[in-house]
Every structure is written in structure tokens, then in C-alpha cells.
Amino acid sequence: MDHQVVIIGGGPSGLLLSQFLNRSGISTIILERSSRDHVLSRIRAGVLEWGSVEMLREAGVSARLDAEGIPHDGTLITDGDREIHIDFKALTGKQVMVYGQTEVTQDLYQAQDAMGTTIVHGVEDVVIDDLDAAEARVSYTRDGARHTLTCAYVAGCDGFHGVSRKTIPEARRREFERVYPFGWLGILSRTPPVNDELIYANSEHGFALASMRNPNLVRYYVQVPLSDRPEDWSDDRFWTEFKRRIPADAAARLVTGPSIEKSIAPLRSFVSEPLRWGRMFLVGDAAHIVPPTGAKGLNLAVSDVHYLHEALVKALKQGDDSGIDDYSARALDRIWKAMRFSWQMTMMLHRFDDEDGFAAQMRRATLAHLASSEAAQRDLAENYVGLPF
Ligand code: APR
Ligand code: PHB
């Protein structure tokens with residue numbers, strides 16, 4: 001056998017799984033379609049649950065996270081000028097850490113380099129075979145030559161558009177999906193954050209989010225129609241719209257500046273079951289997508305890695321298959337709870353174009369209840385800081 005585990009995809013899921021397995025003495029190889037620069041150019045969300053922070057510490061990749069991450073004790077949820085402060089620390093005893101996913105990925109590449117793990121970039125036409133045989137086989141093309149690897153297990157960490165999920169016969173897969181009729185236009189700008197905590201803003205003009213990367217770099221978003229393109233949004237237009245959606249006191253102190261990146265992402269909820277097919281396991285975006293409203297995407301990938309790493313160590317080191325038999329059910333239990341939370345946050349905070357007056361009233365009543373009920377705030381806080389693994 002060439003490797004114990006072949007990992008398809010060198011995003012955060014594949015890198016973190018490999019890092020954990022290597023530290024447990026299990027050999028891996030990572031096959032990634034894109035270049036490292038391309039993987040590291042993707043700007044993704046920036047909030048880590050405390051459980052994710054602890055996982056990154058355990059993986060030995062937290063030096064920069066601990067030095068540069070910004071712990072947050074709470075967040076602001078606003079409805080027009082009404083401000084609802086959700087105090088995570090007081091309500092749950094926990095915090096979250098603001099640290100960009102791109103930085104996490106970079107730290108993981110560095111750690112994997114130090115481990116000496118082989119990461120093959122530029123692979124094409126990956127085919128996964130023999131998942132019900134004694135050894136699985138993964139073939140790919142690189143620089144025009146075809147290669148084949150044998151392994152005990154395959155980890156499908158290749159994101160929503162990857163091949164791993166599609167290796168499971170369609171008739172044996174169950175897919176659940178909700179596509180939302182809007183996207184998020186995000187900008188990066190070298191300006192100081194408008195608030196020391198994130199602001200999730202509902203307004204009559206639609207949703208806006210004020211996030212940050214560091215004391216002089218912000219990530220701000222506005223909800224836009226799916227038909228919009230980034231070119232439709234000059235910086236001026238963005239700032240005008242953003243100001244209309246956040247509370248007046250925040251708008252008054254907002255510092256604007258040129259954007260250094262601008263992109264639009266659609267919002268989707270998606271789950272594919274099961275997560276195991278013979279010798280292959282799906283991890284992260286390969287199996288599930290959440291809308292970014294709950295900041296759960298990367299955090300769910302981390303909890304999948306937690307379950308799968310434990311399961312593979314048991315199987316490969318102790319010959320005990322109970323963990324791999326349970327992986328799909330265990331991971332899905334937590335995934336569905338995060339799906340629900342992300343969906344609920346999305347419904348609570350966005351304006352739907354074709355909505356009727358009733359839907360708008362439900363959103364306002366949900367926010368009014370959140371403003372006045374500590375139980376509702378604790379429920380939100382408990383989910384936002386992350387349910388236990
Ligand atoms: N062969 C090899 N690699 C592939 C293939 C393929 N056929 N298809 C996709 N990939 C690679 C992609 O190029 C990408 O680098 O798999 C990687 C998947 O990475 P992500 O999409 O980042 O998914 P994942 O690692 O599960 O990360 C979890 O959390 O916040 C969310 O969506 C966000 O990326 C984030 C995710
Ligand atoms: C981000 O910083 O990009 C971010 C933060 C919180 C979210 C989504 C995105 O819910």
C-alpha cells in the first residue's frame with residue numbers, strides 16, 4: 001500500500017486532517033487541483049468557535065492565531081437603529097476568535113511543509129476506485145502522466161465541486177438543499193473596524209455585516225440580488241448602501257476607504273448523506289455548505305476532522321472500526337444543528353424580494369423577541385460560539 005490515507009483537496013479540511021493524522025503517526029498524501037497561491041488567494045469567513053481554536057492548538061498550528069487572532073466576547077445584532085448586544089461570555093462562558101480562514105490555511109500549509117507531507121498540486125481527473133476492496137485506489141493526471149496510488153482510506157476533502165461526493169452512486173446519496181434568492185457582496189478595506197465587535201444588521205434595505213481581520217483591515221458585506229456583479233458596485237455605491245443598513249450611530253463613525261477586494265458569493269444550505277462510502281469519507285464543503293450568516297463553514301469542517309481523525313486512528317492503530325462505522329451519523333448530528341442555526345440566522349436577517357408583509361413582520365417579531373428575552377439570546381450565543389463536539 002502506498003499511503004495509509006489519500007486526501008483529495010488541499011483546503012482547510014484536507015490540510016487539518018492530514019496534520020492530525022501525521023501527528024498520530026499515520027502517513028498521508030494530499031492531492032490538490034489548484035496551485036497553493038490560488039488556494040491562498042480565496043477570501044473566506046473569519047470567525048472561529050473556541051472549539052476550533054482548541055483544535056488548531058492541538059494540531060500545533062496556533063502560534064500566529066494566538067498572537068494575532070482577536071478574541072470577541074460578543075456581537076451586535078441590529079434592526080434599524082435597535083441594537084441587541086449578545087454577550088457570549090456572560091451567556092455561555094465562551095468567546096469566539098476573529099482570524100481569517102486564509103490565515104488558518106496558510107498556517108496549515110507551513111505546518112504540513114515542516115512535517116514533510118507530500119502535497120501534489122495541479123492534479124487533474126482524479127478517479128477513486130475499489131472502495132469496497134481490501135485497498136482503495138486513487139488515480140490522477142499530472143503534467144500529462146497518469147498516476148495511481150493505493151491506500152487504506154480516502155478522505156474526500158475536495159469542496160462542493162469536488163469528485164469525492166460524486167463517487168457515491170447517485171441512487172445511494174440523499175441531498176438536501178436550499179438556495180437563497182440573494183448573495184453577499186463583500187469588500188476588504190484597509191480601514192479601522194466601525195465597531196469593536198461584529199455587527200449583523202437587518203434593515204429595510206436588506207442585510208449588512210461589519211466584520212474585521214485586524215485593527216486596520218475590515219471585511220464588510222451587503223446583501224445583493226443574485227443578478228448583480230461586482231463591477232456594478234463602485235466603492236461609493238457600496239459605502240452609501242452599507243451606511244444605510246447599519247445603525248445611525250455606527251454609520252456616523254464609519255471610516256471609509258478604497259476597497260482592495262470585492263466579490264459576490266451566493267448563499268446556499270446543502271447536505272449530502274451519507275458521509276461514508278466504503279473506504280471513503282466526506283469532510284467539510286464536500287459534504288455540506290452553509291450560508292455564511294452563522295459563520296459555521298470552516299467550524300463545521302473542523303468538527304468533521306475531529307470525528308474522522310479519532311475514527312481513523314482507532315481503525316488504523318487499534319484495528320477497531322467502531323469509529324469509522326459511526327463517523328457519518330456522529331458528524332451529521334452536529335452538521336444538521338449548524339444547518340438549522342445558519343438557516344435561522346439567514347431568515348432572521350435578510351429581506352426576501354418576493355416576501356409578503358407577514359414574512360417581514362415575523363422577522364421583526366423574532367428580533368423584538370431576541371431583544372427582550374435572555375433565553376433567546378442564550379440560545380443564539382450557544383449556537384454561535386459552537387455546540388460541543
Ligand atoms: N481534485 C483535487 N482537488 C480538488 C478537486 C479535485 N477534483 N476538486 C476540488 N479540489 C480542491 C479545491 O481546489 C480546494 O482547494 O479541494 C479544495 C477544497 O477546499 P474548500 O473548498 O476550501 O473546502 P474545505 O477544505 O472543506 O473547507 C471548508 O469552510 O468556510 C467554509 O467554504 C469555506 O472553504 C471553506 C470550508
Ligand atoms: C467574515 O469576517 O468574513 C465573516 C464573519 C462572520 C460571518 C461571515 C463572514 O458570519
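Remember, it's 1-based here, ligands and their atoms both numbered in the order they're listed. Note that the structure is predicted; figures quoted are calculated from it, not measured. Residue numbers start at 1 and run along the sequence shown.
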Discussion item. Pairs of nitrogen or oxygen atoms closer than 3.5 Å, one from Pro12 and one from ligand 1: do any exist?
Written reply: yes
Discussion item. Within the structure, is a non-hydrogen atom of Arg42 found at a distance of less than 4.0 Å from ligand 1?
Written reply: yes
Worksheet entry | Structural part of Arg33 in contact with ligand 1, heavy atom criterion under 4.0 angstrom | both
Discussion item. Does ligand 2 come near enough to Tyr384 that some N or O of the ligand is less than 3.5 Å from an N or O of the residue?
Written reply: no
Worksheet entry | Hydrophobic cluster membership, Val194 vs Ile70, 4.5 Å side-chain cutoff | no
Fill in: Cys157 heavy atom under 4.0 Å from ligand 1
yes
Discussion item. I'd like to know if the side chain of Ser18 reaches the main chain of Leu15, judged simply by a donor and an acceptor atom lying under 3.5 Å from each other, with no hydrogens or angles considered.
Written reply: no
Item to complete: Look only at the side chain of Arg276 and the backbone of Phe281, and say whether a donor-acceptor pair between them is shorter than 3.5 Å.
Response: no
Discussion item. Whether the side chain of Arg279 engages the backbone of Ala133 through a donor-acceptor N/O pair (distance < 3.5 Å, no angle test) should be reported.
Written reply: yes
Discussion item. Just to confirm my output: which protein heavy-atom neighbour is closest to atom 2 (O) of ligand 2, and how far is it?
Written reply: Ser211 OG, 2.5 Å
Discussion item. Considering Ser34, Gly11, Ser13 one by one, which has a heavy atom nearer to atom 24 (P) of ligand 1 than any of the others?
Written reply: Ser13
Discussion item. Given His350, which partner from the list Tyr200, Tyr180, Phe182 fulfils the ring-ring contact (aromatic ring centres under 6.0 Å, His included) test?
Written reply: Phe182
Response to the item:
Ranking Asp285, Thr102, Leu15 by closest non-hydrogen atom to atom 32 (O) of ligand 1, top hit is Asp285
Worksheet item: So which bit of Val39 gets within less than 4.0 Å of ligand 1, heavy atoms only: side chain, backbone, both or neither?
Response: side chain
Worksheet item: Side chain, backbone, both or neither: which part of His38 has a heavy atom under 4.0 Å from ligand 1?
Response: neither
Worksheet item: Any idea which protein heavy atom is nearest atom 8 (C) of ligand 2, and the distance to it?
Response: Pro292 O, 3.4 Å
Worksheet item: For atom 6 (C) of ligand 2, what's the nearest protein heavy atom and its distance?
Response: Tyr200 OH, 3.3 Å
Worksheet item: For atom 3 (O) of ligand 2, what is the nearest protein heavy atom, given as residue, atom name and distance?
Response: Tyr221 OH, 2.5 Å
Discussion item. Determine whether a donor-acceptor pair (N or O, by modelled atom type, separation under 3.5 Å) exists between the side chain of Lys296 and the backbone of Ser342.
Written reply: no
Fill in: Element-labelled atoms of ligand 1 that are located less than 4.0 Å from some non-hydrogen atom of Leu31
2 (C), 3 (N)
Worksheet entry | Distance-only polar pair, side chains of Arg253 and Asn195, donor-acceptor under 3.5 Å | yes
Worksheet item: Taking both backbone and side-chain atoms of Leu298, is any N or O found less than 3.5 Å from an N or O belonging to ligand 1?
Response: yes
Practice prompt. Indicate whether the side chain of Thr141 and that of Arg146 have a donor and an acceptor atom separated by less than 3.5 Å.
Written response: yes
